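Since this is a predicted model, take the numbers as computed values, not measurements.
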Amino acid sequence: MNQTQHIANLRFMRSLMLAGMFICFVLGRTNAQAVAPLDKGLPGAAAATCTHDGDLYVLYVQDTTAFQEQYGVAHWNGLYWSYYTGLS
């Protein structure tokens, strides 16, 4: 292998590495999830969140009175919400 072929191989490897990094960056950004639209699927404002075994649990405010706040728990399994109400 002469020096010209070696330099061409190095340039090819560098461009391949940069293309791979770009693809990983783009895919990493497209798979990211924003928490901002969380309230869109809930009947009230989100107060707290946690995850367990890949599922998302959200404590949300159902009703606020002068003496007590009513909360509910919403469970997101990746497909749909399930609601558990009546916490105070």
Side-chain angles (χ1 to χ4, degrees):
M1 178 185 291
N2 63 26
Q3 188 175 6
T4 307
Q5 289 174 332
H6 185 67
I7 291 173
N9 285 343
L10 288 176
R11 286 183 179 161
F12 174 74
M13 292 301 290
R14 182 177 62 183
S15 63
L16 189 62
M17 183 180 67
L18 289 173
M21 289 172 55
F22 177 75
I23 289 171
C24 288
F25 177 77
V26 169
L27 290 178
R29 305 250 324 148
T30 58
N31 289 334
Q33 179 178 347
V35 180
L38 186 62
D39 282 342
K40 301 287 187 220
L42 298 175
T49 63
C50 80
T51 58
H52 179 68
D53 290 336
D55 293 347
L56 176 68
Y57 294 89
V58 180
L59 181 72
Y60 65 91
V61 179
Q62 283 184 313
D63 189 25
T64 303
T65 64
F67 301 106
Q68 182 175 1
E69 287 186 336
Q70 295 288 324
Y71 294 97
V73 174
H75 170 231
W76 174 256
N77 65 1
L79 297 175
Y80 57 88
W81 287 102
S82 300
Y83 300 102
Y84 310 101
T85 59
L87 302 173
S88 58

Subject >> Separation between CH2 of Trp76 and OG1 of Thr49, rounded to the nearest 0.5 Å >> reply: 15.0 Å

Closest approach of [X] and [Y], non-hydrogen atoms and distance?
| X | Y | answer |
| --- | --- | --- |
| Pro43 | Tyr83 | CD-CE2, 3.4 Å |
| Tyr71 | Ala47 | CE2-CB, 4.3 Å |
| Val73 | Tyr57 | CG1-CD2, 4.3 Å |

Subject >> Partner residues of Asn77 under the side-chain contact (heavy atoms from CB on, under 4.5 Å) criterion, sequence neighbours left out >> reply: Asp55, His75, Leu79, Tyr80

